[in-house]
Amino acid sequence: MSDVTHPSGPAVLASDYFHSYSVVGLLAVVGVLFVAVAFGAGRLLRPVVPTPEKLLTYECGVDPVGEGWAHTQVRYYVYAFLYVIFAVDSIFLFPWATVFAAPGYGATTLVEMFIFLGFLAVGLLYAWKKGVLEWT
């Protein structure tokens, strides 16, 4: 029985592993610094001349009339949530299809996907029974 290890030992494997994460961390820090410098430069360079007209609420070139609060019906949010549910469903179906084709994973992944789709179907049935899907 042969023991397959890295030629320089496990310490080198750990350093390679953490080196890849340090590159990602450094890239994240550079990204945050880039955004912070851009916002700071914008704050220092922009002119600040507040006038009463500039402090008014602007809405598509129309003078604001009435209160700033508007009633929005909840059904728009419900449709958005349902869209997100089915978008997430499709995201999980693609990797499942690749694993399903691999030898030895067929039955297990098929059962797992039917359980996942069952949960989604129960959520859709609940929304349908509550009358959320009816556009009135």
Side-chain angles (χ1 to χ4, degrees):
M1 184 184 270
S2 67
D3 186 14
V4 179
T5 60
H6 196 274
S8 301
V12 174
L13 282 175
S15 69
D16 289 343
Y17 178 77
F18 288 117
H19 175 69
S20 61
Y21 278 109
S22 65
V23 170
V24 172
L26 180 64
L27 186 61
V29 167
V30 167
V32 168
L33 283 175
F34 181 76
V35 171
V37 167
F39 276 115
R43 186 178 186 108
L44 291 174
L45 296 175
R46 72 175 180 223
V48 181
V49 185
T51 61
E53 290 82 18
K54 287 184 180 180
L55 297 177
L56 286 176
T57 304
Y58 178 77
E59 187 174 334
C60 300
V62 179
D63 289 333
V65 178
E67 298 180 19
W69 294 97
H71 294 285
T72 304
Q73 295 187 10
V74 172
R75 70 174 149 220
Y76 299 118
Y77 295 108
V78 172
Y79 281 106
F81 286 138
L82 288 174
Y83 169 76
V84 168
I85 287 171
F86 288 105
V88 169
D89 176 31
S90 66
I91 288 171
F92 281 122
L93 282 174
F94 286 112
W96 170 79
T98 60
V99 172
F100 183 70
Y105 289 104
T108 304
T109 57
L110 186 64
V111 169
E112 289 174 350
M113 187 49 64
F114 274 117
I115 291 171
F116 176 69
L117 291 174
F119 279 119
L120 288 177
V122 167
L124 183 61
L125 181 66
Y126 176 77
W128 179 60
K129 288 289 188 182
K130 292 293 259 183
V132 171
L133 302 177
E134 295 177 10
W135 193 271
T136 56

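For this chain, numbers begin at 1 and follow the sequence in order.
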Name the atoms and distances for all side-chain donor-acceptor pairs under 3.5 Å in residues 115-133, with sequence neighbours left out.
none

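Cluster membership for L33 and V35, using ILVMFWY side-chain heavy atoms within less than 4.5 angstrom, is not shared. Cluster annotation: L93 is connected to F114 through the hydrophobic network of ILVMFWY side chains, with a link wherever side-chain heavy atoms come within less than 4.5 Å.
The hydrophobic cluster containing F94, built from Ile/Leu/Val/Met/Phe/Trp/Tyr side-chain heavy atoms closer than 4.5 Å, comprises no other residue.
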